Amino acid sequence: MALLQIAEPGMSAAPHQHRLAVGIDLGTTNSLVATVKSGSAACIADEQGRVTLPSVVRYCEEARTETGYDALKAQKIDPLNTISSAKRLIGRTLADLKQDSHYLPYRFGSNERIIEMQTRQGAKTPIDVSAEILRALKTRAENALGGELTGAVITVPAYFDDAQRQATKDAARLAGLNVLRLLNEPTAAAIAYGLDNASEGTFVVYDLGGGTFDVSVLQLSKGLFEVKATGGNSALGGDDFDHRLFCHLLEQNKLSQLNEQDSQLLLSLARAAKEALTTDNSTTIQAALSDGRKVDSTITRQEFQNLTQHLVAKTIEPVKQALKDAGVTKAAIKGVIMVGGATRMPHVQQAVATYFGQTPLNNLNPDEVVALGAAMQANVLAGNKNDGEWLLLDVTPLSLGLETYGGLVEKIIPRNSTLPTARAQEFTTFKDGQTAMTIHVVQGERELVADCRSLAKFTLRGIPPMVAGAARIRVTFQVDADGLLSVSAREQSTGVQAQIEVKPSYGLDDETITRMLKESMANASDDMAARARAEAVVEAEGLTAAVKAALELDGDLLDENGLHAVQTAVAELENQMQTGSAEAIRAAVSALGHATDDFAAKRMNRNIQRALAGKNVEEL
Ligand code: ADP
Ligand code: MG
């Protein structure tokens, strides 16, 4: 559906030219980069053939940095200069972290607006750290693909707020990456599974990573994604399974008081054992500690599962909550997508299957799926896929506007505006002494409210009574990156305001949008006529109201004939307002104008006399 094809400004590609675009999963524990080559998405490996890059950066001597595995290895010997989990800190302040910052090994600066960590290379922010990770992935991709990248789609958790999203974009800019778009991680996973081509349905994305558990409920309707609810536990992930096994090894080998080096060794062996038990039925952990003591344990998958079953169980509570928040029952879930390396563990798979009563979608690598979906999206945005039926919430698919007097639509945000976007416009009151104004928010391309889709209505009250046209009401439309529209109205002199939030795309599928667009084109000339007529009616209403008010006050100035002439002209205009064309109404307006010329002159005289009464010439 070409109409809805999304191309970023200045990025539409020549038909046969393939642009290099990547998807990046910027993870808390691991980050990945993927691209679409000959139609299928794949992760790009480093020179050692590893696709994941640990999200760790070490600031070394002589302005050198290490990123990934090297930095991870050095973390224990150089903790103050080696930063991990920057994603937990990005776009946040020390105040946001509260006492949590005490648990982190860094030397935090005192900057209140942005988190800073003192390293031997000076203060580094989570943005700097993330930029290093992105730079490493960019270099990896450019080496593998043999050219400069056109752009990247970077994924973020669905719950990231504006500050966290903006900070992620800033990191990309620092790394020299052109961000085609930020994409929600669960949405990326759904794209990787091709669910955007599925008909309709509600899906759950269960993401158990290294240190975090995120669950999202996604509603898909013909290629359109909406995150209905998110939940999770920011302090639960694969690391906790490592730690549990580590504690078990200490008990089993009657070890207490390990030095830092030994406990690191044992912890990394525990992690390796955990990962091995995903495929093997048992594994052996052997190590020689620095004081000569030995660790020698064999652990079966069953034992490991018994040790960690409570951690698996802990993930189900947030799942229940998210379903509740989304207002859906688990029976209504069409599919469950497994994301995150830790979901490889068979007892995690089992628990999810049991809870939902269905086998989760797990045929893609759970640690790659987010990057793969992002790559597919990047491919479309870079203009490499022209036949796609992609509809994304990142542009406004239809214009957004409000109802003005006479049932007309005033468009505020035009169709295809790139999100986020905001626009404001001033309106005024139509009637004298009007103290309230109803804001009716509509969506569509047509000129008349009746032909558009009504989204919401709210009323601004407390407008000070003024003559018609004197009040200044500023109406602001704002659509955020998630497609959430908020409309606010503010009376400028008193500052009274009212607002409302709506999801404009909710429930709109491609077909409805196409139909609405086609109708607007087909009806363009009729709509113009209807608009002209409605505008004439508005003008006529103003005039008849003014003439009637004047007759009430000063009708005695007219003789019977004069009065009759004015009344006849009013009646004729009212008649034309009901049934006449725009031209007929305008003609009747002008006839009424002529019919009242004499009356207007008489009123003017009377008003001057009233004003002069009791005043002497000197005062004037
Ligand atoms: P994040 O999204 O937090 O960056 P990942 O999705 O990369 O994290 O998940 C990392 C976690 O997945 C780690 O705890 C790691 O040990 C775990 N993991 C990776 N492979 C396996 C496996 N084969 N079996 C069990 N856990 C695994
Ligand atoms: Mg992840």
Side-chain angles (χ1 to χ4, degrees), residues 23-34 43 50-57 67-69 71-72 83-90 129-130 133-134 136-137 154-160 168 182-190 192 205-216 230 232-246 267-283 299 301 304-305 307-308 311-312 315 337-352 362 364-374:
I24 294 180
D25 173 3
L26 184 59
T28 313
T29 319
N30 294 307
S31 297
L32 296 93
V33 59
C43 287
R50 302 170 296 204
V51 292
T52 52
L53 177 79
S55 305
V56 186
V57 174
T67 305
Y69 289 96
L72 183 65
I83 317 288
S84 61
S85 297
K87 190 174 179 178
R88 289 185 186 273
L89 310 176
I90 201 163
V129 177
S130 302
I133 297 163
L134 291 171
L137 294 172
I154 300 176
T155 58
V156 291
Y159 58 78
F160 256 26
T168 305
L182 294 184
L183 182 64
N184 287 332
E185 289 164 8
T187 305
V205 179
Y206 177 104
D207 180 350
L208 191 61
T212 53
F213 171 59
D214 299 324
V215 55
S216 321
T230 62
N233 183 340
S234 60
L236 179 64
D239 297 348
D240 297 290
F241 291 71
D242 307 347
H243 195 255
R244 184 69 201 89
L245 185 53
F246 166 82
L267 200 54
S268 63
L269 289 174
R271 173 190 280 217
K274 169 193 77 174
E275 295 181 2
L277 288 171
T278 289
T279 42
D280 304 342
N281 276 322
S282 84
T283 192
I299 177 144
R301 180 191 284 169
F304 172 67
Q305 294 187 347
L307 285 172
T308 55
L311 296 172
V312 179
T315 64
I337 305 172
M338 299 300 260
V339 178
T343 63
R344 288 176 188 269
M345 290 184 282
H347 59 324
V348 174
Q349 297 273 342
Q350 188 54 53
V352 173
N362 57 7
L364 295 175
N365 274 340
D367 28 26
E368 296 184 2
V369 58
V370 167
L372 296 177

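Throughout, numbering of the chain's residues begins at 1 and tracks the sequence. Note that this is a predicted model, so its numbers are computed, not measured. First listed ligand is number 1; within each ligand, the first listed atom is number 1.
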With rounding to the nearest 0.5 angstrom, report the CG to OG distance, Asp25 to Ser55. 8.0 Å

Could you list the residues that satisfy side-chain hydrogen bond (donor to acceptor under 3.5 Å, both in side chains) with Thr168, not counting sequence neighbours? none

List for me each residue that meets salt bridge (Lys or Arg N to Asp or Glu O under 4.0 Å) alongside Asp239, sequence neighbours excluded, and say none if there are none. Arg271

If you define the side chain from C-beta out and look only at heavy atoms, does anything of Val369 sit under 4.5 Å from Met338? no

With a 4.0 Å heavy-atom cut-off, what residues sit around ligand 1? Gly27, Thr28, Thr29, Asn30, Gly209, Gly210, Gly238, Asp239, Arg271, Lys274, Glu275, Thr278, Gly340, Gly341, Ala342, Arg344, Met345

Set of side-chain hydrogen bond (donor to acceptor under 3.5 Å, both in side chains) partners for Thr29, sequence neighbours left out: none

Using the ring of each side chain (for Trp, its six-membered ring), is Phe304 parallel, tilted or perpendicular to Phe241, with breaks at 30° and 60°? tilted

